[in-house]
J.: 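Please find one structure pasted underneath; my questions will follow.
For the numbers below, each heavy atom of this structure counts, side chains included, while hydrogens, waters and symmetry mates do not.
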Amino acid sequence: MHLIASKPTDSVIYGFLPAAGRLGLEVFVLTDQPDAYERAIARARGSLRPGALPGTAPGGADVLMPGQDPAPVRVVGCDPWDARALVAGMAMLPAPRAVFSNSDHLQAQTALAADYFDLPGKDWRSALRAMDKALMRLRLAETGTERVRASVITPAEPTPSGLRYPLVLKPATGVASEDVVIVHDQEDLARRSAQIFGRRPGERLLAEEYLTGTLRTMETLSDGVTTWVLGGFRTDLSAPPFFIEERLTWDPPPADAQKHVRAALGALGVSFGPCHTEYVLGAGQAPRLIEVNDRLIGDHGDFLVCDLLGVDLFDRTLRIHCGQPLPPAVPRARGHAITECAVAGQAGTLVTSPRPGPQPGAEPGVALTYWPLREPGSHVALTHTNRDYLGVICALGSDSAAVARSVGAFRAGGRWEIDGEPQP
């Protein structure tokens, strides 16, 4: 298997590489950060995986095996951002049985490479529409699926006039809530745009209608014929003007919302592999998409969903890319789950944080773990994005109220300090 990547992620290191090992796949990681990958793989050997159940495996055959090492991996330096360079680099290696990426940014390149080698993969056009929010909005409007007012802004053109405010300003190809902000008038739009262009020279921005309602997710997995709708989360966001995702509470989409999201994904051509779709559902309003992430849910939500469903989604995803169909029976959640992130409230040096691993004090029937994303001694640069996460809390149990109380109790008793100041 050829796994296409840029920076190392926990999803790849603790999820996909161990799954590849269990499947007996020889893995080549093609990345522009080979040294970082080598270090991350070395650190992971012998470690338990993230999630609410890192030390126990759910019953049955189709499950995660916590603590298993990543597969034997050869890391190859390559430019994964250029499809031509990627294909040329892959052609010098043993012929792949599968080509796969879990990166938002590299899905179109990976789809083109899979097509070149006549292997299962995504349609590169759907991958591009998922990554580029301006193309996504255009396609949904062209197909009559949904309409959201949106304007593209570039550094070479003046800020458009006549727009209806408030608007959400975001990079067209951004991720992790980076540089996503509410703007309230044309002066605010011009100021925020100039700031973002200073950090992202040459990029396109999207100023789109502010959609009121509750942010939700829908998690799917498809082999191109069969689609599993796995469920979804309700997302709690930080206070305006930014959009940091602070807590995800398991709350599968209502039937009407599920129908709409599936139709929207169909209009975009998204029909292969995992997909993490975010949408807004307001009272008395039709659902409307925020973004489509052509991969498993991130920030350890992927491990938590595996625990909740009792199914190894990393394994299933790789099997799909090897040409194996999904079973017809859709796995069902066996309880309730929450993932919550501790978020930095200031820049500085992280001095104190809770110990990692399973946490005592959860209510009976609730499993709760903490996984640090930053270690004490590391510097925190405040960005008002998901990059400000200090660590992830995952909790799972049969009773939703008990799960919520357990998370609340851990947050109240946990200590995160930056330069001696307690963090919220």
J.: For D251, check salt bridge (Lys or Arg N to Asp or Glu O under 4.0 Å) against everything at least two apart and list the hits.
T.: R216, R234

J.: Go through it in stages, so that I can follow the logic: the residues are V75 and I41, the test is side-chain contact (heavy atoms from CB on, under 4.5 Å), and I'd like the CA-CA distance, side-chain angles, deciding distance and then a yes or no.
T.: CA-CA 10 Å; V75 179; I41 291 169; 4.1 Å; yes

J.: Enter the distance from E245:CD to L248:CG here, rounded to the nearest 0.5 Å.
T.: 6.5 Å

J.: Which pair of non-hydrogen atoms, one from A347 and one from L382, has the smallest distance, and what is that distance?
T.: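 It is CB-N, 3.9 Å.
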
J.: Supply the atom-to-atom distance C78 SG to I4 CD1, rounded to the nearest 0.5 angstrom.
T.: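 It comes to 7.0 Å.
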
J.: Counting only heavy atoms not in R355 (residues, nucleotides, ligands), do more than 12 fall under 6.0 Å from its CZ?
T.: yes

J.: Please step through side-chain contact (heavy atoms from CB on, under 4.5 Å) for the pair L25 and C322, ending with a clear verdict.
T.: CA-CA 10 Å; L25 295 172; C322 289; 4.2 Å; yes

J.: Look at E363 together with R405 and state whether they make a salt bridge at an N to O cut-off of under 4.0 Å.
T.: yes

J.: Under a 4.0 Å threshold between the charged nitrogen and the carboxylate oxygen, would R200 count as salt-bridged to D179?
T.: yes

J.: Give a yes or no on this: more than 12 heavy atoms of other residues, nucleotides or ligands lie within 6.0 Å of atom CD of E142.
T.: yes

J.: Can you tell whether the side chains of R295 and D302 come within less than 4.0 Å, N to carboxylate O?
T.: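 Looking at D302 together with R295, the answer is no, because their closest N to O distance does not fall below 4.0 Å.
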
J.: Which label fits H105 and W81: parallel for a plane angle under 30°, tilted from 30 to 60°, or perpendicular past 60°?
T.: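 Because their plane-to-plane angle lies in the 30° to 60° range, the rings of H105 and W81 count as tilted.
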
J.: Can you name the closest pair of heavy atoms from D104 and M131 and give their distance?
T.: O-SD, 3.2 Å

J.: Do D299 side-chain atoms and G301 backbone N/O form a donor-acceptor pair below 3.5 Å?
T.: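 Not at all, since once roles are kept as given, no pair shorter than 3.5 Å links the two residues.
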
J.: Sub-3.5 Å donor-acceptor pair from the side chain of S11 to the main-chain atoms of G15, do we have one?
T.: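 Not confirmed, S11 side chain does not pair with G15 backbone.
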
J.: Taking E340 for the side chain and V407 for the main chain, is one N or O donor matched with an acceptor at less than 3.5 Å?
T.: no

J.: Hey, are R334 and D307 close enough for a salt bridge, meaning a charged N less than 4.0 Å from a carboxylate O?
T.: no

J.: Pick from V148, L211, V180: which one makes a side chain to side chain contact (heavy atoms under 4.5 Å, CB included) with V168?
T.: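 It is V180, the one option of V148, L211, V180 that forms the side chain to side chain contact (heavy atoms under 4.5 Å, CB included) with V168.
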
J.: Apply side-chain contact (heavy atoms from CB on, under 4.5 Å) to residues E26 and F28 and explain how you reach the verdict.
T.: CA-CA 7 Å; E26 181 183 16; F28 293 84; 3.6 Å; yes

J.: Using modelled atom types only, decide if a donor and an acceptor are shared between the side chain of D115 and the backbone of A111 within a distance under 3.5 Å.
T.: no

J.: State plainly whether the residues D315 and R319 are in salt-bridge range, i.e. N to O under 4.0 Å.
T.: yes

J.: I'd like to know whether the aromatic ring centres of H321 and F272 sit less than 6.0 Å apart in this structure.
T.: yes

J.: Apply salt bridge (Lys or Arg N to Asp or Glu O under 4.0 Å) to the pair E178 and K170, showing each step before the final yes or no.
T.: CA-CA 8 Å; E178 291 180 340; K170 61 178 72 173; over 6 Å; no

J.: With the side chain counted from C-beta on, respond yes when T173 and E203 share a heavy-atom pair under 4.5 Å apart, and no when they do not.
T.: yes

J.: D294 side chain to C275 main-chain N or O, any donor-acceptor pair under 3.5 Å?
T.: no

J.: Test side chain to side chain donor-acceptor pair (under 3.5 Å) on E219 and T217 and set out the steps.
T.: CA-CA 7 Å; E219 314 304 326; T217 83; 2.6 Å; yes

J.: Considering residues, nucleotides and ligands other than W250, do more than 12 of their heavy atoms fall under 6.0 Å from its CH2?
T.: yes

J.: Which residue in the set F314, W371, F16 passes ring pair (Phe, Tyr, Trp, His ring centres under 6.0 Å) when paired with F303?
T.: F314

J.: Out of T277, L215, T235, which one pairs with I290 under the side chain to side chain contact (heavy atoms under 4.5 Å, CB included) rule?
T.: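 The side chain to side chain contact (heavy atoms under 4.5 Å, CB included) with I290 is passed solely by L215 among T277, L215, T235.
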
J.: Is there a donor-acceptor pair closer than 3.5 Å between any side-chain N or O of Y165 and the backbone N or O of Y210?
T.: no

J.: Taking all heavy atoms of A176 and all of T385, pick out the closest pair and write down the distance.
T.: O-CB, 3.5 Å

J.: Given 3.5 Å as the limit, does a donor-acceptor pair link the side chain of R374 with the main chain of H379, or not?
T.: yes

J.: Can you find a heavy atom in the side chain of L221 that is under 4.5 Å from one in the side chain of T317?
T.: yes

J.: Quick one: do L326 and W228 satisfy side-chain contact (heavy atoms from CB on, under 4.5 Å)? Show the steps, please.
T.: CA-CA 8 Å; L326 284 173; W228 284 358; 4.0 Å; yes

J.: If you measure only the distance, is there a donor-acceptor pair under 3.5 Å linking the side chains of H276 and E291?
T.: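 No - no donor-acceptor pair under 3.5 Å links their side chains.
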
J.: Do D10 and H300 have side-chain N/O donor and acceptor atoms under 3.5 Å apart?
T.: yes

J.: Which value, rounded to the nearest 0.5 Å, describes the distance between Y279 atom OH and Q258 atom CD?
T.: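 Taking OH in Y279 and CD in Q258, the distance rounds to 8.5 Å.
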
J.: Does any non-hydrogen side-chain atom of L3 lie less than 4.5 Å from one of M1?
T.: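 Contact flag for M1/L3 side chains = yes.
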
J.: What residues, two or more places apart in sequence or in another chain, satisfy salt bridge (Lys or Arg N to Asp or Glu O under 4.0 Å) together with R125?
T.: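 With neighbours one apart ignored, the set is D123.
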
J.: Ring centroid separation for Y370 and W416, is it under 6.0 angstrom?
T.: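 That pair passes the under 6.0 Å test.
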
J.: May I ask you to check whether T145 and T143 show a side-chain donor-acceptor distance below 3.5 Å?
T.: yes

J.: In chain order, what residues pass the side-chain hydrogen bond (donor to acceptor under 3.5 Å, both in side chains) check against R262, with sequence neighbours excluded?
T.: none

J.: Closest approach of E375 and S378, non-hydrogen atoms and distance?
T.: O-OG, 2.7 Å

J.: Would you say CZ of R191 has more than 12 non-hydrogen atoms from neighbouring residues, nucleotides or ligands within 6.0 angstrom?
T.: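 More than 12 within 6.0 Å, yes.
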
J.: Less than 4.5 Å apart, side chain to side chain, heavy atoms only: is that true for F242 and L237?
T.: no

J.: Mind listing the closest non-hydrogen atom pair of P331 and L309 along with its distance?
T.: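 Distance-wise, the nearest heavy atoms are O-CD2, 4.1 Å.
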
J.: Against E209, only a single residue in R147, R288, R137 fulfils salt bridge (charged side-chain N to carboxylate O under 4.0 Å, His left out); can you say which?
T.: R288

J.: CD/Q109 to OG/S103 distance, rounded to the nearest 0.5 angstrom?
T.: 8.0 Å

J.: Between V311 and R316, is there a side-chain heavy-atom distance shorter than 4.5 Å?
T.: yes

J.: Has the side chain of S400 got a donor or acceptor atom that lies under 3.5 Å from a matching backbone atom of H336?
T.: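 Not confirmed, S400 side chain does not pair with H336 backbone.
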
J.: Any heavy-atom pair between the side chains of D32 and P80 that's under 4.5 Å?
T.: yes

J.: Find the distance between OG (S177) and CZ (F243) and round it off to the nearest 0.5 Å.
T.: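 Here the interatomic distance stands at 8.5 Å.
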
J.: Hey, are the side chains of I393 and C341 touching, using non-hydrogen atoms and a 4.5 Å cut-off?
T.: no

J.: Give a yes or no on whether a salt bridge exists between D256 and K259, defined as a side-chain N under 4.0 angstrom from a carboxylate O.
T.: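 K259 and D256: not salt-bridged.
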
J.: To the closest 0.5 Å, what do you measure between OG (S151) and CG (L167)?
T.: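 Taking OG in S151 and CG in L167, the distance rounds to 7.5 Å.
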
J.: Are L135 and K133 side-chain neighbours, meaning at least one heavy-atom pair lies under 4.5 Å?
T.: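 With C-beta onward as the side chain, the pair stays apart.
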
